[in-house]
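Because the structure is a prediction, the values reported are computed rather than measured.
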Amino acid sequence: MSKKTNKNKPVKKAVNIEPSETAVVEENNSGSIFDNKFVFWGAFGLIILVSIALRLTLIDFPLWYDEGCSIAAAINTFPAGINNYLWTQDLQHTPLYFYILHFIMQFFGDSVVVLRASSLIVSMALLPVTYIVTEKLSSKKVALFAMLLMGINTFQVLYSIEIRMYPYVILLALLSVNYLIDYDRTSDRKALIKLGIVNLLNPYFLTGSIIFVLAQFIIYTSYLDWRKADSKKISDYVMSNLFVLLGYIPYIIIIVHYALVRSHFLVTDLSKFSAINFWGTIQNLVSCDPGHIHETRFEPFFNYLKGNTPEILHKNSVMQFQVWTLVFLPMIVFVGGIIRSLFDKEKLNQVVFGTIFLSLLAFVFLANARTIAFTGRYIIFIAPFIFILGAIGLSKFNKYVLISIILLYTIGCGYAFKITYPKYQFIAEYSLKSPADFIKKNGYNNKKNLVVMPFASSVSFYYFNGADMPRVLPLELFHAVRNPESTIIYDNDQREAFKTGDKYKVFQKIITSDKYISKNFMEFMDSYISSVPKGGYIIWVVYYSDNYAIIPPEQVKRVYGKMDNVIDYTMTGMLSKFDVDFVSMMMQKAQFVKKDRDESNQFFVFRKK
């Protein structure tokens, strides 16, 4: 009986029985500078203040596409309207975040600052929770280190103010590990209930976070078995997870529905998984410079500067220096820190590592199967544990090495934030807001005018609001093209051909045809173009990389006359065909007025004949 009691008592009791990592931590803390309350709270407060200051610099940035999608879901009625929108149009997200956002908008308004502040509040809660989890595994000093990493990491800063579910998902993951530690050390059923609740909620905020919950279950049950834990402790844990599994029944229904609908999509926005995806995601999560902020795809039109002039050589040298100091060096340091943490006497470090490693493997597998996009924001919930384990391992270096690492990473993140800030601002400024700004600046803000923007028309409502703003053609081209039942893009014979034949042959016939995409498409476009009165304006907005799809009709036929190009670039081909057909319609029904552009979008203005 005594032996069993000692096993389940809090770790302070264990100090008197045999050495443990917790005992070592307590001994180290006895002489730590952070035992001084003034020093501790000064450091804690400074980290909070710096973290808030970094995030507040982004608080009033305009929306980008994904954030517009959040609002598009949340503006519907609660809960039926939101559920229906996700079930029929979104087809990828679970509803809890949108419920919360719905009520935030209802009670506090829908201004960008208010909506970003709602994410900021949750993201700031991550810092003390990171501290709590780390201190339970190590010491105050290490906990402050991990908290600092979470506070200044560029990727964390950028995503902490997004009008998305990511801060909530990270918070629930941290609470999950916190309650798991409590249960492991005390066998307290209250801790187990709390663990079950946060694990139940998380997948209802982000679809992919179910992987974290499953990985944790697999790793921790294996750990209990390896440690030959009390059978009651194991059975209680397993039983708790069975109840959580019952709570996932609605989630499973949602996911199965999404999978069935998406399995019939004609095109996908998921690129083939490659090493670029993997290293880009790791860069997102841990490096000072997060790289491509929203995606980690290989984009072949991004090239190194070519030439042998001194200026070009200097720029390439600076680029290489930044890559090594801001990207690869932090990766190497954190990998080293994580490895060192696994040899710590605190064996729960291994459970935490196993959970994030298995989660990462699962994401790689799913991305390779092209069922998810392998990008940092979808697996952002593992980031705090990388920082926690890294801090534990790196803290084993002597204080001078540790101080050097802290200073270099802090300086690196500060510099990376400085160079990333304008890139992030660029994405925000020239995503959804830019077309509306162009309309107002050039005096086209008249409700009789029409804006045609094949990308982001479904989320254009936020900036194209007001009685004097023009209508936006309700055509999100990618969503229409991928849907084999679309009556806007496809005629009946085309829809039947997709069901019975080779879809790529159908696409090739559409793209290379001298006729319009379809009769239905022509009639749909004509109905909106005809609604613009004589002398009214039609403004065609071409977003960022979509400009590459604007090519002459004969080139479209030549490129997509090759089946390999149709297979590899189906959506780009359909976008080129849309461009050709739309210009043909405009030349018949309107006069070309001018072409303009900003830093991202290109604008073509036509006046109705």
Side-chain angles (χ1 to χ4, degrees), residues 58-78 81-82 84-86 88-93 95 97-120 158-167 293-294 377 424-480 528 539-544 546 598-601 603:
L58 311 167
I59 197 74
D60 61 347
F61 275 16
L63 305 176
W64 77 288
Y65 180 78
D66 279 18
E67 295 176 305
C69 292
S70 292
I71 298 173
I75 59 175
N76 293 282
T77 58
F78 169 83
I82 295 173
N84 183 65
Y85 179 87
L86 298 176
T88 60
Q89 297 186 55
D90 180 82
L91 295 168
Q92 58 180 323
H93 291 108
Y97 171 71
F98 305 108
Y99 292 166
I100 293 173
L101 187 62
H102 172 87
F103 287 107
I104 290 172
M105 291 192 296
Q106 190 171 73
F107 290 110
F108 302 103
D110 63 354
S111 74
V112 169
V113 172
V114 165
L115 300 183
R116 291 203 185 286
S118 68
S119 294
L120 174 61
L158 296 175
Y159 270 98
S160 64
I161 51 83
E162 290 254 330
I163 307 169
R164 299 294 279 171
M165 66 291 297
Y166 308 119
I293 302 165
H294 293 120
R377 67 184 185 274
Y424 188 81
Q425 185 178 38
F426 175 92
I427 292 172
E429 290 286 348
Y430 297 106
S431 182
L432 300 183
K433 186 171 179 288
S434 166
D437 288 343
F438 174 82
I439 296 296
K440 295 174 183 177
K441 178 182 175 182
N442 289 273
Y444 302 129
N445 46 326
N446 185 309
K447 63 181 180 180
K448 295 181 179 180
N449 294 336
L450 180 68
V451 175
V452 177
M453 43 192 301
F455 171 78
S457 63
S458 62
V459 293
S460 61
F461 60 89
Y462 189 86
Y463 291 109
F464 281 87
N465 59 1
D468 62 338
M469 289 299 285
R471 299 161 296 149
V472 176
L473 180 76
L475 174 63
E476 189 78 43
L477 188 63
F478 172 70
H479 291 171
Y528 279 92
I539 302 94
W540 178 29
V541 182
V542 184
Y543 176 74
Y544 190 45
D546 289 355
D598 57 27
E599 297 298 322
S600 177
N601 303 305
F603 306 98

One pair to check against side chain to side chain contact (heavy atoms under 4.5 Å, CB included): Ile71 and Met105. What are the steps and the verdict?
CA-CA 9 Å; Ile71 298 173; Met105 291 192 296; 4.1 Å; yes

Treating [X] as the side-chain partner and [Y] as the backbone partner, does any N or O pair qualify as donor plus acceptor under 3.5 Å?
X: Tyr444; Y: Pro470; result: no
X: Arg116; Y: Pro62; result: yes
X: His102; Y: Asn76; result: yes
X: Arg471; Y: Val451; result: no
X: Ser457; Y: Glu476; result: yes
X: Tyr462; Y: Val112; result: yes
X: Tyr97; Y: Arg164; result: yes

Minimum-distance pair of heavy atoms, taken over all atoms of [X] and [Y]:
X: Phe98; Y: Ala73; value: CD2-CB, 3.7 Å
X: Thr88; Y: Leu91; value: O-CD1, 4.0 Å
X: Val114; Y: Ile104; value: CG1-CG2, 4.4 Å
X: Met453; Y: Ser460; value: SD-CB, 4.1 Å
X: Ser70; Y: Ile163; value: OG-O, 2.8 Å
X: Leu432; Y: Pro435; value: O-CD, 3.4 Å

According to the interplanar angle, ranging from 0 to 90°, do the rings of Phe103 and Phe107 count as parallel (below 30°), tilted (30 to 60°) or perpendicular (above 60°)?
parallel

Relative to the ring of Phe603, is the ring of Phe438 parallel (under 30°), tilted (30 to 60°) or perpendicular (over 60°)?
parallel

[X] side, atom [atom1]; [Y] side, atom [atom2] - distance, nearest 0.5 Å:
X: Tyr424; Y: Glu162; atom1: OH; atom2: CD; result: 3.5 Å
X: Tyr463; Y: Leu63; atom1: OH; atom2: CG; result: 4.0 Å
X: Ile161; Y: Glu67; atom1: CD1; atom2: CD; result: 6.5 Å
X: Cys69; Y: Leu86; atom1: SG; atom2: CG; result: 11.0 Å
X: Ser119; Y: Leu101; atom1: OG; atom2: CG; result: 8.0 Å
X: Tyr430; Y: Gln425; atom1: OH; atom2: CD; result: 8.5 Å

Looking at Lys441 and Asp437, is there a salt bridge between them, counting it only when a charged N and a carboxylate O are closer than 4.0 Å?
no

With a sphere of 6.0 Å drawn around CZ of Phe108, does it hold more than 12 non-hydrogen atoms of other residues, nucleotides or ligands?
no

What about the rings of Phe478 and Phe455, do their centers lie closer together than 6.0 Å?
no

Run the side chain to side chain contact (heavy atoms under 4.5 Å, CB included) test on Phe61 and Ile427 for me, step by step, so that the C-alpha distance in whole Å, both residues' side-chain angles and the decisive distance to 0.1 Å come before the verdict.
CA-CA 10 Å; Phe61 275 16; Ile427 292 172; over 6 Å; no

Walk me through it: do Tyr543 and Ser431 pass the test side chain to side chain contact (heavy atoms under 4.5 Å, CB included)?
CA-CA 8 Å; Tyr543 176 74; Ser431 182; 4.2 Å; yes

Do Glu599 and Glu429 have side chains that approach each other closer than 4.5 Å (heavy atoms only, starting at C-beta)?
no

Could you please spell out the steps behind the side chain to side chain contact (heavy atoms under 4.5 Å, CB included) verdict for Leu475 and Tyr528?
CA-CA 11 Å; Leu475 174 63; Tyr528 279 92; over 6 Å; no

